[in-house]
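Below is one structure, written out as C-alpha cells; comments come after it.
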Amino acid sequence: MINKVKLQLRIEDDESDEPLNQLINHGKAYLNSLVAGDLDYSKVENETLLLNYVRYAYNDVEELFLENFQDDIGRLQIQYAIEVMNHAP
C-alpha cells in the first residue's frame with residue numbers, strides 16, 4: 001500500500017514512509033469505523049477510498065473527505081452491510 005500512496009502523492013524518498021504508514025493506518029481505522037467493521041482493502045473500491053483518504057489527510061484537508069466522498073462512503077456502507085448479512089448464520 002505504501003508504494004501506491006507514494007506513487008499517487010508523487011513522493012520518491014523513503015523518509016516519508018513512517019508518516020505515510022501512520023496516515024494509512026489512521027485511514028483504515030476511520031473507514032472501518034464508518035462501516036462498523038473490518039474492510040477488505042484488497043478490493044479495488046476500498047483501496048481507492050483509502051488512497052483518497054490518505055491524499056486528503058496528507059494535504060491537511062481531512063475535513064473535506066467525508067463531504068466529497070459521501071456517495072462512495074454510503075455505497076460502501078450498503079455493500080458492507082449486505083456482505084455481513086449474506087454471511088450471517
Side-chain angles (χ1 to χ4, degrees):
M1 175 65 72
I2 187 73
N3 291 329
K4 289 181 181 183
V5 168
K6 289 171 74 172
L7 183 65
Q8 182 179 23
L9 297 175
R10 295 181 177 95
I11 296 174
E12 296 180 7
D13 66 74
D14 291 333
E15 295 172 13
S16 301
D17 285 6
E18 183 57 33
L20 290 175
N21 276 319
Q22 289 176 359
L23 291 177
I24 291 167
N25 291 333
H26 184 267
K28 285 180 178 180
Y30 178 69
L31 293 175
N32 287 344
S33 74
L34 292 177
V35 299
D38 293 319
L39 293 169
D40 178 359
Y41 292 98
S42 66
K43 292 184 175 181
V44 174
E45 61 274 10
N46 298 347
E47 180 185 60
T48 300
L49 200 55
L50 177 59
L51 288 171
N52 281 309
Y53 176 85
V54 171
R55 180 172 55 92
Y56 273 63
Y58 181 79
N59 288 300
D60 292 323
V61 290
E62 290 172 83
E63 67 277 3
L64 298 176
F65 176 78
L66 190 57
E67 178 182 333
N68 290 339
F69 289 91
Q70 187 174 11
D71 291 342
D72 295 312
I73 292 166
R75 198 168 24 259
L76 180 66
Q77 290 169 327
I78 291 168
Q79 287 172 345
Y80 186 79
I82 290 170
E83 285 178 21
V84 168
M85 288 175 54
N86 286 337
H87 292 99

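Keep in mind the model is a prediction, meaning the values are calculated, not measured. The first residue of the sequence shown is numbered 1, and numbering continues consecutively from there.
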*Excluding sequence neighbours, so at least two apart, what forms salt bridge (charged side-chain N to carboxylate O under 4.0 Å, His left out) with D72?*
R75
_When you compare the side chain of L50 with that of L39, does any pair of heavy atoms fall below 4.5 Å?_
no
*asked:* In the structure I gave you, are the side-chain heavy atoms of E62 and H26 within less than 4.5 Å of one another anywhere?
replied: yes
*Path from V61 to L9 over hydrophobic side-chain contacts below 4.5 Å*: yes
*asked:* Holding to ring pair (Phe, Tyr, Trp, His ring centres under 6.0 Å), I want the full list of residues that pass it with Y58, two or more places apart in sequence or in another chain.
replied: none
_Test of understanding: with side chain to side chain contact (heavy atoms under 4.5 Å, CB included), list the residues that count as partners of N52, not counting sequence neighbours._
Q8, T48, R55, F65, F69
*Got a sec, which residues hit side chain to side chain contact (heavy atoms under 4.5 Å, CB included) with D13, two or more places apart in sequence or on another chain?*
I11, E15, S16
_What I'd like to find out is whether the side chain of K6 reaches to under 4.5 Å of the side chain of D17, using heavy atoms alone._
yes
*Report yes if the side chains of L76 and L49 come closer than 4.5 Å at any heavy-atom pair, otherwise no.*
yes
*Got a sec: does the CD of E63 have more than 12 other heavy atoms crowding it under 6.0 Å?*
yes
*Go through the structure and list residues passing salt bridge (charged side-chain N to carboxylate O under 4.0 Å, His left out) with E47, not counting sequence neighbours.*
K4
*asked:* Treating N32 as the side-chain partner and D38 as the backbone partner, does any N or O pair qualify as donor plus acceptor under 3.5 Å?
replied: no
*Between Y30 and L66, does a side chain to side chain contact (heavy atoms under 4.5 Å, CB included) hold up when you go through it step by step?*
CA-CA 11 Å; Y30 178 69; L66 190 57; 3.8 Å; yes
*In terms of hydrophobic clusters joined by side-chain contacts under 4.5 Å, are L20 and L7 together?*
no
*Are L31 and I78 connected in the hydrophobic side-chain network, where two residues link if heavy atoms are under 4.5 Å apart?*
no
*Any residue meeting ring pair (Phe, Tyr, Trp, His ring centres under 6.0 Å) with Y41, in chain and number order, not counting sequence neighbours*: none
